Structures are given as structure tokens and as C-alpha cells.
Amino acid sequence: MSQYYHYTSVSPAEVGLMTGMIGAGIGYTLAPRKYNLEQLLTQKTDVFEKSIPKKYLVKASDSQKNARKTIVDARKSILEAVKNNTAEAKLAEFITSPKLENAYKSIKGFLPKARVQTAIVFGVIGGLIGALSKIVFFKDKL
């Protein structure tokens, strides 16, 4: 009886795709469903602008536009409070503020799912790491 071994090689692109899908799955399961008020108030400006895109506000009601403005004003107050080392107290005050809670509830529907964003980031990072590790560590098997 003869035995035949058939070896298949896996390309770096295939490894990258596979690890990217695994990373996306991990990112999706670990991320929160949506950003909460505290996260909105403390996000970097570019992340905040992506969280509540202005293009969605075109269709928004006046109360939703005012809610976004309220949150933007609170973010500015927190940035000012950082200079005085009172940012944590200001943040705690804002989180319990009924005005900001109502503003958050008003625009919550506009918030893209944080899970999707995190899944994309983890997927891209996982794919790159997988492909690069295949290239670097398994050069002789390409």
C-alpha cells in the first residue's frame, strides 16, 4: 500500500483573509452595542464626528439637531475643564444631567453601532497581522 501525501500551500492573502474574519468576529463580540453618553462626551473630535455624522442630521428634527448641539457644547466645556484639572468633576456632572440624558436619548438613533466600527478595525488589523506573519515566519513555505 502506497501512501501519497498531498501538500497544499496557503497564500498570505488567504491567511490574511482568515485572520481578518476572526478579528472582525472578536471585535464584534467585544464592542458595546452603541456608544454611551460618557463615551460621546470624551471621544476624540474625529471619532465624535463619525459617531454622529452631520449628513444624518439633515433629515433630523429640530429637537435632534438641538440635542447634538447640547452634546457638542458639553464636550467643549469638558475640554475647557481639562485646563483647570476639573474635567472629571465636570464629566460626572454632565452624565447625571437630565438635559444631557434627554439629548442623548434624542440622538441615540443616529449613532452608528459601535460593534460594526470595532469589528472593521479588528478585522483589518487581524488581516494585516495574519498576512504579514505568514510572509515573515513562513517564507520557505510560500
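Predicted, not measured: the structure shown is a model, and the values here were computed from it. Along the sequence shown, residues are numbered consecutively beginning with 1.
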| message | Just to verify, what does Ala81 make a side chain to side chain contact (heavy atoms under 4.5 Å, CB included) with, not counting sequence neighbours? | response | Thr86, Ala87, Lys90
| Sequence neighbours excluded, which residues qualify as side chain to side chain contact (heavy atoms under 4.5 Å, CB included) partners of Asn66? | none
| task | Measure the shortest side-chain to side-chain distance between Gln39 and Asn36 over non-hydrogen atoms and say whether it is less than 4.5 angstrom. | result | yes
| task | Supply the members, apart from Met21, of the Ile/Leu/Val/Met/Phe/Trp/Tyr cluster built from side-chain contacts under 4.5 Å; use none for a lone residue. | result | Leu17
| For Val121, the rest of its hydrophobic cluster, which grows through side-chain links under 4.5 angstrom | Ile125, Ile129
| task | Take Arg75 and Ile71, measure what side chain to side chain contact (heavy atoms under 4.5 Å, CB included) needs, and give me the verdict at the end. | result | CA-CA 6 Å; Arg75 288 173 49 81; Ile71 291 174; 4.3 Å; yes
How many angstroms lie between [atom1] in [X] and [atom2] in [Y], if you round to the nearest 0.5 Å?
X	Y	atom1	atom2	result
Ile107	Leu40	CD1	CG	6.0 Å
Thr70	Tyr104	OG1	OH	15.0 Å
Met18	Lys134	CE	NZ	9.0 Å
Lys76	Thr45	NZ	OG1	10.0 Å
Ile78	Glu38	CD1	CD	9.0 Å

Give every donor-acceptor pair under 3.5 Å between a side-chain atom in residues 91-99 and any protein atom, sequence neighbours left out.
from, atom 1, to, atom 2, distance (Å)
Thr96, OG1, Ala92, O, 3.2
Thr96, OG1, Glu93, O, 3.1
Ser97, OG, Lys99, N, 3.4
Ser97, OG, Leu100, N, 3.4

| message | Going by the rule side-chain hydrogen bond (donor to acceptor under 3.5 Å, both in side chains), which residues pair with Thr42 if we only count those two or more places apart in sequence or in a different chain? | response | none
| query | Should the heavy atoms of other residues, nucleotides or ligands under 6.0 Å from CD of Glu14 be counted, would the total exceed 12? | reply | yes
| query | Between Val15 and Gly130, which heavy-atom pair has the shortest distance, and what is it? | reply | CG1-O, 3.3 Å
| task | Write down the atom of Ala67, the atom of Ala103, and the distance for their closest heavy-atom approach. | result | CB-O, 3.4 Å
